[in-house]
Structures are given as structure tokens and as C-alpha cells.
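As a basis for the values below, the full set of heavy atoms in this structure was taken, side chains included, without hydrogen atoms, waters or symmetry mates.
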Amino acid sequence: MKITLPDRSVRKLEVGSNGLDIANDIGPGLAKAALAVSVNGIQKDLCDPINEDSDVSIITIDSDEGLEIMRHTLTAQVLARAVKNLYPDAKLAIGPTIKDGFYYDFEFVKPIAPNDLEKIEKEMQKIINSKSAIIKKLHSKKDALKVFSSNAEPYKESIINESEQEDNFQLYYQENDEFVDLCRGPHLPSLKHIGAFKLTKLAGAYWKGDSKNKMLTRIYGTAWKNEKDLNAYLESIEEAEKRDHRKIGKEMNLFHFQEEAPGMVFWHPDGWTVYRLLQDFMRDKLREFDYQEINTPLVVDRKLWEASGHWDKYRENMFITEIDEEHANEKRTNALKPMNCPCHVQVYNQGLKSYRDLPVRYAEFGSCHRYEASGTMHGLMRVRGFTQDDGHIFCTEEQIESETKLFIELLSQTYRDLGFKNFDIKLSTRPEIRVGSDEVWDKAENALESAIKKLNLPFEIQEGDGAFYGPKLDFVLTDAIGREWQCGTFQADFNLPERLDAEYVGEDGKKHMPVMIHRAVLGSFERFIGVLIENYSGKLPFWLAPVQVIVATIISDVDDYAEEIIHSLEETGIRCDSDLRNEKISYKVREHSSKKVPIILVVGKNEKNDRTVSIRRIGSNNTEMLDFKIALKQINEENNILS
RNA sequence: GCUCAUAUAGCUCAGCGGUAGAGCACUUGCUUGGUAAGUAAGAGGUCACCGGUUCAAGUCCGGUUAUGAGCUCCA
């Protein structure tokens with residue numbers, strides 16, 4: 001048979017040869033490094049026979065595929081076996097690979113604690129040191145069930161029982177050991193190919209991810225081809241921890257949370273300065289793109305939420321308020337708005353709209369409240385009270401495409417200005433449960449898709465992930481250390497305008513229903529500020545820094561000169577402060593550096609005499625002596641980069 | 001919401017049945033010092049909240065609330 005390698009070269013091998021034979025045919029080095037084989041794009045074990053002409057590539061640890069197979073073997077063969085050795089009563093559930101690592105779910109009789117991980121790691125190392133070969137055996141459903149029922153592995157039995165296949169259940173063994181696990185494979189040919197690993201954490205997880213099922217214990221780990229890669233990964237985790245916005249927010253005194261208002265931000269002066277600056281920035285952008293800013297009520301009668309469908313579909317996430325009947329003669333049920341859309345339709349509905357008025361673009365920095373489940377809150381990233389940079393566009397179906405284009409322009413400008421160079425677009429298409437006819441969906445999906453295509457932007461399709469009222473585009477930005485954050489969204493809605501009777505008079509003089517587009521660029525100010533803090537690790541761009549300049553004196557004789565500088569800076573609108581305290585200059589520099597003040601101007605006797613300043617920028621240990629007037633000009637130029 | 005963990009001074013944390021501790025921050029002295037911590041002293045706590053065990057509870061046991069890591073949601 002003919003075996004075609006990735007470089008298109010062809011080798012002839014006997015029918016029934018396996019991946020190892022092919023690797024050997026190519027060279028002994030490759031045979032040694034081979035972990036598995038990809039046959040016509042499907043991963044197979046090295047021992048699997050190949051019976052017909054095929055495209056084959058040998059998988060080694062140097063590919064992502066190889067790394068994943070190693071992680072898979074590590075969890076399913078090594079971690080699982082180690083746990084069974086130490087806790088014979090533990091039950092095996094599943095153990096897949098995930099980004100950068102793997103996990104395995106177990107049911108323990110007695111719960112284990114995080115410091116048991118070390119013990120398990122040692123046991124794993126012992127198993128790896130045996131360098132055992134891994135042996136695959138194929139079993140019929142009946143035999144496979146027998147193996148796991150005699151091993152008392154109910155989760156494995158349940159997986160087999162639910163499987164549609166009757167034969168060829170793959171069971172993996174290790175030489176000289178009774179351990180066995182059911183697995184889709186492929187696995188390493190032997191444990192000597194395992195690289196460097198570390199068990200990282202312990203957490204609960206539901207069997208099959210369903211909260212109605214039993215909670216299992218999940219052990220997480222990370223694994224790499226060598227120590228160097230493992231350490232690099234562990235360092236990157238540390239780096240992410242250092243950037244945690246909750247930690248930096250505390251250090252910079254930007255905001256806090258407290259028990260009486262879980263999930264609601266208490267913004268401190270400096271944090272609120274950042275918030276306002278970001279909002280002003282957004283306001284300018286929206287004006288540029290012809291939005292009209294509006295403002296709508298926070299507390300709205302349930303009648304509107306019934307009409308919009310939120311009362312039915314979203315009530316469990318809403319804060320509902322009752323008026324105290326003892327003090328008022330009326331009984332009303334209100335809800336804090338979880339979204340702004342129904343209110344925006346109310347504004348749209350005031351006065352008759354003509355097709356000539358469309359598109360109507362309303363924007364609101366809408367304060368929304370959602371009762372999020374208690375376990376989901378996370379600093380500024382997931383809160384119960386937040387403000388969206390929300391907007392709704394009422395337009396005709398024909399206008400969807402041009403509105404998409406305009407929105408993407410607005411969004412990419414905004415992200416670029418805020419320092420994010422890359423973002424990905426995801427197009428989510430019709431879900432199974434949806435409203436509206438297929439023709440309308442066709443139109444909406446095509447409009448979104450062709451608009452992105454015309455802009456030459458790459459995008460990924462997420463089938464069936466759209467909102468029930470329409471398809472959507474999600475915008476995911478990448479931060480300075482490669483993490484992804486979903487911020488912007490653009491959703492076409494054919495449902496709410498109908499429910500809430502939005503209309504316009506068309507060219508034909510008849511009434512028509514407009515399409516409503518829900519859109520946000522930042523998502524929410526709270527979350528976006530969290531992303532900004534983590535992206536810049538607190539060192540915000542000059543124009544966004546809450547305190548931009550500190551003038552620090554070396555001796556008290558120059559206090560008057562420092563005040564003069566502050567006065568000039570303030571006159572040009574720079575947010576600044578002086579530090580005249582009786583402290584050494586290195587103490588002052590340290591303090592303001594740790595508060596991430598972008599510029600520290602140090603003045604002493606020399607500076608006062610020469611009317612200069614010593615300028616020191618955050619992130620640099622260098623200082624530069626500049627004429628005070630020139631420094632002032634420079635600082636102002638820097639501040640105006642965006643305006 | 002679920003599982004596990006955590007809650008001690010403004011911050012970071014130690015203490016784990018017998019008078020509440022450290023470093024930093026804060027206040028007050030001394031110090032006027034040239035780019036990431038000068039120096040001494042002082043002040044600072046219903047040990048999250050409610051209940052239980054005990055002669056005695058930050059300390060042990062329940063419960064509540066919040067936070068953290070996951071899960072599940074959400075986008």
C-alpha cells in the first residue's frame with residue numbers, strides 16, 4: 001500500500017503496517033520520538049494497523065497534537081492509576097485534556113485536600129519512572145462492561161452503556177499492572193515519553209456537567225514537553241496573578257466591594273476618574289458616529305417587562321421591588337432594569353417615525369442590575385450592578401449591512417485607541433429555539449456575514465449560538481498577555497420591535513416594523529475597566545491615568561517652585577498633585593511608582609535654580625532633565641493624543 | 001445555585017482551648033536627605049455575624065453572610 005507523508009513523498013509498505021513501522025521506515029530517530037500517528041487526519045495509536053493507501057503523519061511531542069496526546073496519557077493513565085493506587089475506593093469518571101493541561105474527575109469516598117496533591121504527584125512520578133509500555137486491547141461491549149463491573153467503576157459502565165457502538169471498546173493497560181482505563185485514545189506507546197507536569201488545583205465538578213448530578217472531585221494539572229516549558233507556563237500564570245485587577249484596584253485605591261452590596265462597585269475618587277474619562281471618551285466616539293444619547297428609568301413597572309418577555313424569560317435574574325403598602329396606597333411591582341432595550345423602544349415609539357428617520361441610533365450609558373448567581377461574581381468582571389455602553393439602532397432590513405460596517409468601524413477605532421490591536425469576530429447563527437421566519441433569519445445572517453466579508457475581516461462561525469431573537473456578532477479582544485475577553489456585541493433583533501409595537505411609515509405610506517440592533521462596544525464600563533487594569537497591569541495610558549503627574553520635592557526649600565509647577569499643570573487640565581512631605585526622594589518615588597503614576601517630576605535645588613524638572617516615567621528607571629516649559633508642553637501633547 | 005476552602009489592625013499575614021501578634025501604612029519626634037522603603041516612639045482589634053460545647057472559645061462544633069478556586073449559568 002502507498003503511504004503519503006506530509007511532504008507528499010510516498011512510501012510503499014505492506015498492508016497492515018502500523019505507525020511505528022512507518023516511522024522506522026523513515027528513520028530510527030523518528031521511530032524513537034513517535035508518539036502516535038495521524039491517518040487521513042484521524043489520530044491513531046502507533047500500534048494500529050493501516051490497511052489501505054493513506055495520508056500519514058507521525059506525531060511527536062513537538063506538535064500541539066503530540067503535546068495533547070502526552071497530556072491525555074498523563075491524566076488517563078498516570079493520574080488515574082496514581083489515584084487508584086493511593087485511594088483504591090475512588091471511582092474513575094473522565095479525564096480529558098484542556099488548554100495547557102488536563103483534568104480527571106473522581107468520586108472519592110473521603111474528600112481529599114489540596115495538600116494531598118503532592119502525594120499524588122509523587123505517586124505519578126513513581127509510575128512514570130517505571131517507563132511501562134502502554135498496551136491497547138479491544139473488547140466487545142459485554143466484555144468491557146464485565147471488566148468495569150468487576151473493578152466497580154460505575155461511571156465507566158455508564159459511559160459504555162450509553163455508547164452506541166457494540167465492539168472495539170478501547171481499553172488501555174500498562175505492562176505489569178492491573179490498572180485499566182477505557183479511552184478513545186490514542187495514547188503514548190510508553191510512559192517514557194511523559195514530559196514535565198504539575199498538579200495545579202482541586203475543584204468540584206458535576207458528573208457530565210449537569211448540576212442535577214453528583215458533584216465529583218476534579219484534579220487539574222498542567223503538562224509540557226520539558227521543565228523549561230513548564231516553568232515558562234507557571235511564570236505566565238504568576239504574571240496573570242500579578243495583574244489581577246482586584247489586587248491592583250486595591251493598591252491603586254480605585255474601588256471596593258462590601259458585604260452589604262455584593263456585586264456592586266463602590267468607586268473611589270481615582271477609580272471614578274478613570275470611569276468618567278472612559279465614559280467621556282466613549283461619548284465623543286458615539287457623537288462622531290451619529291448616535292443620540294438618551295437616558296431611561298432604572299425602576300420600571302412589571303407590565304413593561306411582561307410585554308418585552310423579560311418577566312417570562314429573565315425574571316430569575318431580575319431585582320424585583322415591591323412598594324411598602326403600609327406607607328403607600330398603591331400596590332405596584334417594579335423591577336430594576338436588567339437591560340435597556342425595552343426602554344429604548346419606548347423612546348423610539350414617541351412620535352411617528354418615517355423611513356426617512358431611519359436609522360435611528362440611540363445610545364445610553366445604561367445602569368443595569370442583574371441578579372447573578374452568587375458563585376459567578378468576580379471582581380469588576382462579573383457584577384450585579386453595571387453600566388453598559390449600550391445602544392440600539394432602529395433600521396430597515398436593508399440597512400443592517402451598512403450598520404454592521406459602521407459599527408465595526410466604531411469598535412475597531414475604539415479598541416485601537418484603548419490599546420488593543422487585535423480582536424476576533426464570532427458570528428453566532430440561528431439557535432434551535434428561536435422566533436421569526438427562516439427567510440428573516442437568512443436575511444439577517446447574510447447581512448451580518450456579507451458586511452464582515454466586505455470589510456475583509458476574518459471571523460469564526462458559531463453554529464446555533466445566536467440569541468433567540470436574532471443572529472449576533474461577538475467581539476473578542478486579546479490583551480497584552482494573550483488572554484481573550486469578550487466585550488463588544490452586535491445583535492440583530494426581529495422580535496422585540498414586534499412585541500413592543502415599534503413602527504415606521506414606509507415609502508408606501510404603510511406601517512412597517514423596524515429591525516432593532518442591540519450593540520455595545522465596551523460591554524460594561526465595570527468589566528472593561530477590569531480588562532484595562534489587567535491589560536496594562538495598572539499602568540494606564542497617560543490620558544486615562546487618574547493621577548497623571550506627581551511633583552515631588554527633594555528639600556523643603558523648593559516647595560514654592562513645586563507649587564508653581566502644579567499650578568501651571570492644573571491650568572492646562574493635567575490631573576496632578578504635589579508631594580512636599582518630609583521624606584526622602586526615593587521613598588516618594590517608590591510610593592508613586594507603586595501607585596502607577598505615569599510621570600514623576602522631581603525638583604530640588606538645581607531644578608529650582610535652572611527652572612528645570614527631572615522627569616521620570618513609570619516603568620523606567622531613567623530620568624531626564626528638561627526645561628520646565630518644554631516639559632509642560634510635552635506633557636500636554638501627550639495628554640492630547642486622543643482628543 | 002452547587003462543591004471545597006477562607007474570614008484576626010487600613011493592607012499582607014502569623015497565632016489554633018488559658019491576658020490578641022509581626023511587617024507595611026497611620027500619628028508624633030529627630031532627620032532637608034538627588035530617583036523604588038532614613039530613624040525612634042506612639043496609637044490602632046466585639047479576632048465576619050448568630051448559636052452551641054467547655055470552668056474557659058480567634059482557636060472546637062453547627063448555621064448565616066461575604067470572598068476565593070472550580071462547576072453550572074451569562075455574554
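Nucleotides rC61(B) and rA7(B) are separated by 13 Å at their P atoms, to the nearest Å. Rounded to whole Å, the C1' atom of rU54(B) lies 23 Å from the corresponding atom of rA48(B). For the C1' atoms, the distance from rG33(B) to rA69(B) is 47 Å, rounded to whole Å. Annotation: rG10(B) and rC47(B) have their C1' atoms spaced 16 Å apart (nearest Å). Between rC16(B) and rC24(B), the distance separating the two C1' atoms is 25 Å to the nearest Å. rA25(B) sits 10 Å from rU39(B) when the P atoms are compared, rounded to a whole Å. Across rU28(B) and rG44(B), the matching C1' atoms stand 14 Å from one another, rounded to whole Å. Between the P atoms of rU8(B) and rU67(B), the separation comes to 14 Å (whole Å).
If you check every strand for non-hydrogen atoms under 4.0 Å, Arg617(A) touches nothing. Within the 4.0 angstrom heavy-atom criterion, base atoms lie near Asn606(A). Residue Phe257(A) is out of contact with every strand shown, counting any heavy-atom pair closer than 4.0 Å. As judged by a 4.0 angstrom heavy-atom cut-off over every strand, Lys588(A) is placed among residues making no nucleic acid contact. Using a 4.0 Å heavy-atom criterion, one finds that Ile585(A) contacts the sugar-phosphate atoms exclusively. Residue Gly379(A) is in sugar-phosphate contact alone, with no base atom involved, counting any heavy-atom pair closer than 4.0 Å across all strands shown.
Nucleotide rU35(B) holds its P atom 13 Å from the CG atom of Asn622(A), rounded to whole Å. With rounding to whole Å, Arg370(A) atom CZ is found 18 Å from rG1(B) atom P.
Side-chain N/O atoms of Ser556(A) and base N/O atoms of rU32(B) include a donor-acceptor pair closer than 3.5 Å. The base of rG34(B) is paired with the side chain of Glu607(A) by a donor and an acceptor separated by under 3.5 Å. With hydrogens and angles ignored, no donor-acceptor pair closer than 3.5 Å exists between the side chain of Arg218(A) and the base of rC4(B). Counting distance only, with no hydrogens placed and no angle test, the side-chain atoms of Tyr206(A) and the base atoms of rG70(B) include no donor-acceptor pair under 3.5 Å.
Environment of NZ in Lys595(A): sparse, with no more than 12 heavy atoms of neighbouring residues, nucleotides or ligands closer than 6.0 Å.
Defined by atom type and a distance below 3.5 Å, a donor-acceptor pair is missing between the side-chain atoms of Tyr371(A) and Glu316(A).
Side-chain proximity of Ala373(A) to the nucleotides rG70(B), rC26(B), rG1(B) is greatest for rG1(B).
Between Trp267(A) and Trp272(A), the ring planes are tilted. Angles from 30° to 60° get that label. Using a 30° and 60° split on the angle between ring planes, Phe420(A) and Tyr536(A) fall in the tilted class, from 30° to 60°.
Side-chain nitrogen and oxygen atoms of Lys201(A) include at least one within less than 4.0 Å of the OP1 or OP2 phosphate oxygen of rG70(B). Remark: Tyr371(A) is not in phosphate contact with rC73(B), judged by side-chain N or O atoms under 4.0 Å from OP1 or OP2. For the OP1/OP2 pair of rA69(B) and a distance below 4.0 Å, the side-chain nitrogens and oxygens of His378(A) include at least one atom meeting the criterion. OP1 or OP2 of rG38(B) lies within a sub-4.0 Å distance of a side-chain N or O belonging to Ser586(A). Side-chain nitrogen and oxygen atoms of Arg246(A) include at least one within less than 4.0 Å of the OP1 or OP2 phosphate oxygen of rA69(B).
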Hey, what are the protein-to-nucleotides 62-65 of chain B N/O distances that come in under 3.5 Å?
residue : atom : partner   : partner atom : Å
rU65(B) : O2'  : Glu259(A) : OE2          : 3.0

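Pairing each heavy atom of Ile600(A) with each of Ser593(A), the nearest pair is CD1-OG, 3.9 Å.
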Should Arg382(A) and Glu372(A) be marked as a salt bridge (Lys or Arg N to Asp or Glu O under 4.0 Å) after you check the CA-CA gap, both sets of side-chain angles, and the distance that decides it? CA-CA 8 Å; Arg382(A) 187 86 181 264; Glu372(A) 302 285 358; 2.9 Å; yes

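Taking 4.0 Å as the cut-off between side-chain N and carboxylate O, Asp474(A) and Lys472(A) count as a salt-bridged pair. A salt bridge is absent between Lys242(A) and Glu238(A); no separation between the charged side-chain nitrogens and carboxylate oxygens falls under 4.0 Å.
The glycosidic torsion of rG58(B) lies within 90° of 0, placing the base in the syn range.
Aromatic ring centroids of Tyr275(A) and Phe528(A) lie 6.0 Å or more apart.
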